[in-house]
Structure formats: C-alpha cells, structure tokens
Amino acid sequence: MSGPAVRFDVAVVGGGVIGLAVAWRAAARGMTVGLVDDARPHRATWAAAGMLAPVTELHPGEEALLELNRASAARYPRFVAEVEAASGQCVAYRRCGTLTVALDAGDVDAVDELYHLQRRFGLVAERLRGSACRKLEPALAVGVRGGVHAPEDHQVDNRRLAGALREAGARAGVVTVVGTARRIESAGGAVETVVLADGSALPASRVVVTAGCWSGELEGTGGTAARVIRPLKGQILRLRARPFAVLPERTVRALVHGSPVYAVPRADGELVVGATMEEQGDDATVTAGAVHDLLRDGRAVLPGIAEAALVECGAGLRPATPDNLPLIGRPGSGAPDGLLLAAGHGRNGILLTPLTADAVVDLLDGVTAPGLDACRADRFAADPAVGTGAGR
Ligand code: GLY
C-alpha cells in the first residue's frame with residue numbers, strides 16, 4: 001500500500017457540498033483534513049437546482065425535516081458570507097422568494113392544502129389569486145389560476161457553492177485526494193485508514209462519510225448507509241435566457257395537471273428546470289420522456305421557456321432515506337469508533353449543508369449539537385423493517 005504518510009485528524013470521504021463544507025469547517029477549526037473525492041458525474045450537488053425552500057417544499061408528516069430545514073435556512077446568510085470571504089468567490093445566493101402556482105382546479109386544491117399546512121406551522125406564506133401571481137411574476141402564463149408566495153424561500157447556485165467550498169477548504173489546508181475510497185480499515189475497533197481503489201491509503205484518526213447515495217459502497221463502515229440510503233433519480237434541465245425569452249425573476253414551482261415542476265432563475269441568465277423523482281436504482285440515464293415532460297410542464301406555466309436556449313439535460317441521484325431525514329452522527333453498532341456519517345439528505349442537501357457541517361464538526365470536537373435527535377445516524381439500527389438499500 002502506498003499513499004500519503006501523514007496521519008490526518010479527519011478524513012472526509014465524498015466531495016459533494018456536505019463533504020466540502022465539513023472539510024472546510026473542520027480545517028478552519030484547526031484539524032488536519034484529507035478529503036477523498038471521486039468526482040462522481042451524477043452527484044446530487046452537481047445536478048441540484050439550489051432551492052433553499054423549507055416553506056415551499058413542506059410535505060405532510062415531515063415536521064422534523066421542516067425544523068431542520070428552517071434551522072439551516074436561518075444559517076445561510078452567515079454561511080454564505082463566510083464561504084465567500086474564505087474563498088474569494090461569489091456563490092450567487094439570491095433572496096428572491098418562491099411562488100408556487102396552480103394551473104387547473106385540482107392543482108388549486110393541492111396548492112390550497114399546502115397553504116393551510118404552511119399556516120398551521122406558522123410559516124410565512126401568502127395566498128394569491130391568478131392575477132396577483134402574474135402581477136408579482138409577469139413571466140407566468142395567463143392560465144395560472146392562483147398560488148402561494150413564500151417570500152423567505154431563496155436559492156443559491158449550488159455549482160458555484162461547491163466551487164467556493166472547495167477553494168475555501170484548500171485555503172484552510174484541506175488536502176484533496178482524487179480517487180475512489182473502497183474501504184475503511186480499523187485497528188482495535190477504531191478507524192485507522194481509508195484505503196482507495198488504487199491501493200493508496202489515507203491514515204486518519206476520524207472518518208466522516210459524506211458520499212451521498214454511494215456512502216453504502218464503502219466497506220468497513222458497519223453497513224448502515226448500505227441498508228438505509230437509496231438513490232432517488234432526478235432529471236433536470238439547464239436553460240439560458242435569450243432576447244425575447246421572458247423568464248421569471250424568482251423561483252417558480254408549479255403543479256401542472258397534478259405534475260410538479262420548478263424553475264429556478266439565476267442572476268446570470270441561467271434557468272434550472274426540474275426535476276423528476278424516480279425510483280430507478282443507480283440508473284442516471286437522461287430520458288426523452290422526462291425532458292419532454294419537464295419542458296411541456298415548464299412551458300405551460302412559463303411560456304418564455306420556449307424561447308430560451310436549452311443548454312443541458314442532466315440527471316442526478318439524491319441520497320434518500322425511508323423517513324426523508326438525513327443520517328448525521330455515529331452509525332449503529334458494527335461501525336468502528338471514530339466513524340461518522342453525514343449522508344442521506346434527499347431533496348434537501350444544499351439547504352442542509354450549513355447545519356450539517358456545523359453539527360459534524362461539533363461532533364468531531366466532542367460536542368453533540370441540540371435538536372438533531374431526529375437525524376441520528378443510528379435510528380434505524382433496531383428496525384428490521386428498514387432495509388435493503390432498496391433500489392440498489
Ligand atoms: N429539492 C428539489 C429536488 O430535490 O428536486
């Protein structure tokens with residue numbers, strides 16, 4: 001075995017936004033950090049739209065997730081300021097608000113239900129008629145019947161964020177190793193080394209696994225991630241503004257005859273239109289049908305999409321869990337000491353990055369942050385019903 005002889009305080013396995021933020025924050029606290037990054041092409045960090053939308057993405061039965069999402073959204077302004085200062089890069093955080101709109105009568109009923117749920121939780125949301133939606137967002141189609149405005153749901157450019165976190169980490173001393181981590185070797189029940197596919201090794205006192213839906217592929221972790229995390233495919237498009245293409249100023253989510261679609265406009269003219277939710281295992285094929293459906297539904301609420309340039313059709317694999325909550329902390333029995341998991345963020349990885357990174361670095365410092373019981377990484381340990389890593 002060959003590789004860096006240095007023993008890191010922390011090895012982070014996975015170079016999506018969660019891993020990058022953990023590595024940067026840990027290095028900023030004075031720990032020596034090695035980051036193993038295999039630059040997966042379908043990682044959620046790259047595919048995501050960057051919505052920071054706890055109010056708009058509220059679903060019945062997800063109160064615990066709502067609390068996490070709100071807590072992380074509240075950290076965003078400071079997080080962004082710190083990342084930008086530490087990296088010298090802009091991450092295009094836009095406080096643009098989000099408008100959810102409905103096209104037919106059934107869609108109006110569903111949006112009304114969302115509004116009542118939002119109000120039940122005391123969230124900031126305003127019910128609007130179709131005309132008021134169009135006044136707020138002139139790019140909307142005349143057929144829009146009504147909607148809900150969530151002025152505190154914002155967005156960030158997830159690709160810029162990843163780049164800035166990488167740079168901030170490098171400046172703080174994070175050593176990035178490009179390669180695929182295969183297994184963790186332990187000694188005396190505690191983590192000792194991350195072994196890569198090429199046989200090289202990264203000795204470390206602690207290991208944080210942040211490899212999204214691939215976290216379960218790493219051997220020697222006790223198997224929690226393999227049992228609990230599954231890929232949830234999302235197909236997503238990137239468009240670009242052109243003269244005469246009237247595009248929205250704020251994030252627009254829509255129900256179009258029962259099908260959800262969203263459009264996230266960047267200040268630089270990019271419009272991200274997504275996303276499917278598909279249980280397809282590891283398959284990340286971009287399909288003609290999904291591209292067609294996203295463009296059809298997007299165009300139904302935002303006609304200007306027809307004039308925009310279509311620059312990218314992509315797919316990513318969200319790391320999903322049975323209860324839609326992430327796994328943060330020590331996995332259940334069978335995991336070696338010194339191993340932490342920060343994965344399974346599902347539809348909310350970009351949003352939950354600040355909170356997750358702070359919680360993990362606190363754990364590395366021996367401190368358990370309050371309010372994170374719902375996402376303990378060992379919560380499925382005693383549940384035989386959970387578990388085969390469905391979709392793999
Ligand atoms: N949060 C949006 C998505 O997962 O598609």
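Read the numbers this way: they start at 1 and go in the same order the structure lists the ligands and their atoms. Along the sequence shown, residues carry numbers from 1.
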Look at R183 together with E217 and state whether they make a salt bridge at an N to O cut-off of under 4.0 Å. no
Ring geometry between Y93 and H154 (parallel below 30°, tilted from 30 to 60°, perpendicular above 60°):
perpendicular
**Study point:** Hphob cluster co-occupancy, V261 + V264, side-chain heavy atoms under 4.5 angstrom
**Key:** no
Check: For residues 97-117, which residue pairs qualify under salt bridge (Lys or Arg N to Asp or Glu O under 4.0 Å), counting only residues two or more places apart or in two chains?
Finding: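 Listed by first then second residue: D112-R127.
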Notebook entry, point to check: Which residue pairs satisfy the salt bridge (Lys or Arg N to Asp or Glu O under 4.0 Å) criterion with at least one member in residues 314-325, sequence neighbours excluded?
Noted result: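 Qualifying pairs, neighbours excluded: D323-R379.
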| task | Give the protein residues with at least one non-hydrogen atom closer than 4.0 Å to an atom of ligand 1, ordered by chain and number. | result |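 Residue list for ligand 1: M51, E57, Y262, A275, R318, R347.
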Sorted by chain and residue number, the side-chain hydrogen bond (donor to acceptor under 3.5 Å, both in side chains) partners of E312 (sequence neighbours excluded) come out as R159
